[in-house]
Trainee: 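Please read through the structure below; I'll follow up with questions.
Each ligand, and each atom within it, is numbered from 1 in the order the structure gives. These numbers come from a predicted model, not from an experiment.
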Amino acid sequence: MDELQLNPLYEKVITDLLEKQYSVVENFFPVEEVLELRQSLLSKYDDDQFKKSAIGNWSNEQVMKAVRGDFIFWLDESKCNSAETKFFARLNHFIDYLNRTCFMGITEQEFHYALYPEGTFYKRHLDTFQNDSRRKLSVVCYLNEEDWLPEYGGELAVYIPENGRERTENIYPVQGRMVIFESSVLEHEVKPVKQERLSITGWLKTRGEAIF
Ligand SMILES: O=C(O)CCC(=O)C(=O)O
Ligand SMILES: [Fe+2]
C-alpha cells in the first residue's frame with residue numbers, strides 16, 4: 001500500500017462528518033472543472049436527455065410532482081466526457097482516502113446531474129430507501145451561475161438532531177459548493193427554487209445486500 005499523505009481538505013470533511021454529520025466545502029473542485037461540468041449538464045439537458053425524477057418505485061406522477069420536481073440524467077462512468085472523467089477521478093481519489101483512513105468500505109457510487117426548473121422543489125426526505133441501506137454518503141456539488149442570490153431560494157435545508165431537538169441549517173447552492181452528509185441520518189429538503197438550479201448529485205455506497 002502506498003504511504004498515505006494527509007490531505008487537509010479531506011481531513012476537514014471527515015472531521016465535519018464525525019462532529020456534525022455533514023460538511024460544506026467550497027474548493028473541492030477547481031472552478032474550471034465546475035464550469036466544464038455545468039456546460040456538460042446544459043448540453044445534455046438541451047439535447048432532451050434528462051428524465052423526470054422518480055421517488056423509490058412510486059409511479060404516480062401527481063404524487064411525485066408533489067414531492068420532487070427536478071429532472072435528472074444518470075451518469076455512466078464508462079461513457080464519460082472529459083468533464084465527467086475529471087469529476088470521477090477526483091471523487092475516486094477521495095473515496096480511496098475514505099476507505100484507507102476511515103475503513104468506510106465504499107465500493108460503488110452513483111451520480112446524476114439534476115436540474116430544478118423554476119417553481120420546483122424536493123420535499124423533506126432521507127436518501128436511503130427502506131429496502132436498500134447501501135447509500136452511506138450523499139454528495140452534492142452545485143453547478144449554478146456565479147452569483148446565487150438569496151431571493152433565488154433553492155436552499156438545501158438540512159435538519160440536524162441536537163439534544164433532543166432539531167436545528168435547521170440552510171445551505172445555498174452556490175457555484176462549486178459541495179455538501180456531503182450521512183445518507184441514512186440527515187433528513188433534508190430543497191426549498192422551492194425561483195431560478196433554474198443545477199447540480200451533480202450522488203451517493204457513495206457499500207456493497208451490502210439490498211433486501212427486496
Ligand atoms: O440538490 C440538493 O441540494 C439535494 C438533492 C437531494 O436531496 C436529492 O437528490 O436526494
Ligand atoms: Fe436527498
Trainee: Is there a salt bridge (Lys or Arg N to Asp or Glu O under 4.0 Å) between K86 and E33? Walk through the geometry before answering.
Mentor: CA-CA 8 Å; K86 287 179 210 159; E33 293 182 19; 5.5 Å; no
Trainee: Is there a heavy atom in H125 that sits closer than 4.0 Å to ligand 1?
Mentor: yes
Trainee: Return the closest protein heavy atom for atom 3 (O) of ligand 1 as residue, atom name and distance.
Mentor: Y142 OH, 2.6 Å
Trainee: Of all the atoms in ligand 1, which lie at a distance below 4.0 Å from a heavy atom belonging to L156?
Mentor: 3 (O), 4 (C)
Trainee: Could you check whether K123 makes a cation-pi contact with F121, meaning its NZ or CZ is under 6.0 Å from the centre of the six-membered ring and within 45° of the ring axis?
Mentor: yes
Trainee: Look at atom 1 (O) of ligand 1 and say which protein heavy atom is nearest, naming residue and atom and giving the distance to 0.1 Å.
Mentor: R197 NH1, 2.8 Å
Trainee: For ligand 1, indicate whether the residue D70 contacts it via side chain, backbone, both or neither (heavy-atom separation under 4.0 Å).
Mentor: neither
Trainee: Looking at V140, which atoms of ligand 1 are within less than 4.0 Å of one of its heavy atoms?
Mentor: 1 (O), 2 (C)
Trainee: D127 heavy atoms, cut-off 4.0 Å: which ligand 1 atoms fall inside?
Mentor: 10 (O)
Trainee: Could you check whether H93 and Y10, counting side-chain N and O atoms only, form a donor-acceptor pair closer than 3.5 Å?
Mentor: yes
Trainee: W203: heavy atom below 4.0 Å from ligand 1, yes or no?
Mentor: yes
Trainee: Got C80 and F88 here, is their nearest side-chain heavy-atom distance under 4.5 Å?
Mentor: yes
Trainee: Around atom 8 (C) of ligand 1, find the nearest protein heavy atom and jot down its residue, atom name and distance.
Mentor: Y122 CE1, 3.6 Å
Trainee: Please report the C-alpha distance between R135 and T128 in whole Å, then the side-chain angles of each, then the deciding distance to 0.1 Å, and finally whether the side chain to side chain donor-acceptor pair (under 3.5 Å) criterion is met.
Mentor: CA-CA 6 Å; R135 288 179 169 183; T128 42; over 6 Å; no
Trainee: Quick check on E32: does its CD atom have over 12 non-hydrogen neighbours (other residues, nucleotides or ligands) under 6.0 Å away?
Mentor: yes
Trainee: For atom 4 (C) of ligand 1, what's the nearest protein heavy-atom neighbour? Residue, atom name and distance, please.
Mentor: V190 CG2, 3.7 Å
Trainee: For K191, does the NZ atom sit with more than 12 other heavy atoms under 6.0 Å from it, leaving out its own atoms?
Mentor: no
Trainee: So which protein heavy atom does atom 5 (C) of ligand 1 come closest to, and at what separation?
Mentor: Y116 OH, 3.8 Å
Trainee: Under 2.8 Å from the Fe ion (ligand 2) - does any N, O or S atom of D127 fall there?
Mentor: yes
Trainee: Is the number of heavy atoms from other residues, nucleotides or ligands within 6.0 Å of NE2 (H125) greater than 12?
Mentor: yes
